Amino acid sequence: KESILEADFDAIVAAGDRVEPRDWMPEGYRKTLVRQIAQHAHSEIIGMQPEGNWITRAPSLRRKAILLAKVQDEAGHGLYLYSACETLGVSRDELTRLLIAGKQKYSSIFNYPTLSYADVGTIGWLVDGAAICNQVPLCRTSFGPYGRAMIRICKEESFHQRQGYELLMTMMRGTDEQRAMVQESVDRFWWPALMMFGPPDEESPNTAQSMAWGIKRNTNDDLRQRFVDMTVPQAEALGVTLPDPDLRWNDERGHHDFGQPDWDEFMQVVKGNGPCNAQRLVHRRRAHEDGAWVREAATAFAAKASA
Ligand code: 3HC
């Protein structure tokens, strides 16, 4: 019986169709999806912290409103992704507990501090830009609920990316101090943005299997290359330099050659030793505890309503 179900699953993946929650699936497929979707959801929620850091200090009401809306969008992305993950039999409560206990990961990029207001633009331009390169292929991922969540998230990320770029363009047309602030911000975020795509393919234990299952449609290095090729002309139009002396166009390859991120730094950040890892989890734990009364009130109300 199981061999027929496995054949059905393999046929769905081979045809590039969607596996739905009620379909039979190998336990490893389910576990990989829980790991990746949970990590993606956690990234959206933790990502609210570095960006949120500037809401009370935005330079104008317009910039404050834009940033407020963006941070709320990220919360929504987290909720879509937790819901997609729940179709695999894990609860959002359990995933939140694992995150707070440091047992599940979130994207390395959010363990870096947002030290200047220009970082708000740089995160929109580079971090959401990298997220888009990684997430557009995920719209075609083999697991139905994840792919469908990605379609809406990608539309909102593209909007965020344009907003970040417009913010930086406005600053680049400002004073020398503003231009220097943008360049300093780009210098801090460029390499961590490249690390978002994960380790080099030959050091990625999950890529081959995730590609075979249609969870990933491209490898880490493919998407990193796509992001670099997309970003170089944008940096030129902005008037900023990217902090990589090895970055140059390679006519034979039809792509840009570029230097290697500091993979030791990457491993340290992923292990929990980045600049902001501890404070991100302390903040997340406190927010969860401060919100306990809302959950208890909602549960009490639901119990009364159903009594
Ligand atoms: N940060 C933290 N951990 C990372 C990482 C990163 N940038 N890149 C890789 N890792 C971890 C992996 O989770 C894996 O560890 P695990 O097996 O314990 O989970 C290990 O390093 C080896 O990496 P692999 O390449 O083998 O792992 P994956 O096949 O899972 O590939 C990935 C990593 C490309 C990040 C993939 O998980 C993925 O595409 N995830 C969904 C996209 C995502 O999470 N994006 C978050 C971006 S931030 C965001 O979207 C917010 C935006 O709105 C600003």
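Keep in mind the model is a prediction, meaning the values are calculated, not measured. As the structure lists them, so they are numbered: ligands from 1, and atoms in each ligand from 1. The chain is numbered in sequence order, starting from 1.
Using a distance-only test at 3.5 Å, with no hydrogens or angles considered, no donor-acceptor pair links the side chain of Trp191 to the main chain of Arg188.
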Can you give me every donor-acceptor pair (side chain of residues 266-275, partner residue at least two apart or in another chain, under 3.5 Å) with its distance?
{"from": "Gln268", "atom 1": "OE1", "to": "Asn273", "atom 2": "ND2", "distance (Å)": "2.7"}

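Considering only residues two or more places apart in sequence or on other chains, Arg286 meets the salt bridge (Lys or Arg N to Asp or Glu O under 4.0 Å) condition with none of them. With sequence neighbours excluded, the residues forming a side chain to side chain contact (heavy atoms under 4.5 Å, CB included) with Met172 are Arg179, Val182, Leu238, Val240, listed by chain and number.
Dense packing is recorded around CZ of Phe9, with more than 12 heavy atoms of other residues, nucleotides or ligands lying under 6.0 Å away.
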Contact table ligand 1 N or O to protein N or O, d under 3.5 Å:
{"from": "ligand 1", "atom 1": "1 (N)", "to": "Ser108", "atom 2": "N", "distance (Å)": "2.8"}
{"from": "ligand 1", "atom 1": "1 (N)", "to": "Ser108", "atom 2": "OG", "distance (Å)": "3.4"}
{"from": "ligand 1", "atom 1": "7 (N)", "to": "Ser108", "atom 2": "OG", "distance (Å)": "3.1"}
{"from": "ligand 1", "atom 1": "7 (N)", "to": "Met195", "atom 2": "O", "distance (Å)": "3.4"}
{"from": "ligand 1", "atom 1": "7 (N)", "to": "Met196", "atom 2": "O", "distance (Å)": "3.3"}
{"from": "ligand 1", "atom 1": "13 (O)", "to": "Gln39", "atom 2": "OE1", "distance (Å)": "3.0"}
{"from": "ligand 1", "atom 1": "13 (O)", "to": "Gln39", "atom 2": "NE2", "distance (Å)": "3.4"}
{"from": "ligand 1", "atom 1": "17 (O)", "to": "Asn206", "atom 2": "ND2", "distance (Å)": "3.1"}
{"from": "ligand 1", "atom 1": "18 (O)", "to": "Lys105", "atom 2": "NZ", "distance (Å)": "2.6"}
{"from": "ligand 1", "atom 1": "19 (O)", "to": "Arg35", "atom 2": "NH1", "distance (Å)": "2.9"}
{"from": "ligand 1", "atom 1": "25 (O)", "to": "Ser204", "atom 2": "OG", "distance (Å)": "3.0"}
{"from": "ligand 1", "atom 1": "25 (O)", "to": "Asn220", "atom 2": "ND2", "distance (Å)": "2.8"}
{"from": "ligand 1", "atom 1": "26 (O)", "to": "Ser204", "atom 2": "OG", "distance (Å)": "2.8"}
{"from": "ligand 1", "atom 1": "26 (O)", "to": "Pro205", "atom 2": "N", "distance (Å)": "3.4"}
{"from": "ligand 1", "atom 1": "26 (O)", "to": "Asn206", "atom 2": "N", "distance (Å)": "3.1"}
{"from": "ligand 1", "atom 1": "26 (O)", "to": "Asn206", "atom 2": "ND2", "distance (Å)": "3.0"}
{"from": "ligand 1", "atom 1": "27 (O)", "to": "Asn206", "atom 2": "ND2", "distance (Å)": "3.3"}
{"from": "ligand 1", "atom 1": "29 (O)", "to": "Lys216", "atom 2": "NZ", "distance (Å)": "2.9"}
{"from": "ligand 1", "atom 1": "30 (O)", "to": "Arg35", "atom 2": "NH1", "distance (Å)": "2.9"}
{"from": "ligand 1", "atom 1": "30 (O)", "to": "Arg35", "atom 2": "NH2", "distance (Å)": "3.3"}
{"from": "ligand 1", "atom 1": "31 (O)", "to": "Lys216", "atom 2": "NZ", "distance (Å)": "3.1"}
{"from": "ligand 1", "atom 1": "39 (O)", "to": "Asn134", "atom 2": "ND2", "distance (Å)": "3.0"}
{"from": "ligand 1", "atom 1": "50 (O)", "to": "Glu44", "atom 2": "OE2", "distance (Å)": "3.4"}
{"from": "ligand 1", "atom 1": "50 (O)", "to": "Gln135", "atom 2": "OE1", "distance (Å)": "3.1"}
{"from": "ligand 1", "atom 1": "53 (O)", "to": "Glu44", "atom 2": "OE1", "distance (Å)": "3.1"}
{"from": "ligand 1", "atom 1": "53 (O)", "to": "Glu74", "atom 2": "OE1", "distance (Å)": "3.0"}
{"from": "ligand 1", "atom 1": "53 (O)", "to": "Glu157", "atom 2": "OE1", "distance (Å)": "3.3"}
{"from": "ligand 1", "atom 1": "53 (O)", "to": "Glu157", "atom 2": "OE2", "distance (Å)": "2.5"}

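Closest of all the heavy-atom pairs between Ala38 and Gln104 is CB-OE1, 3.6 Å.
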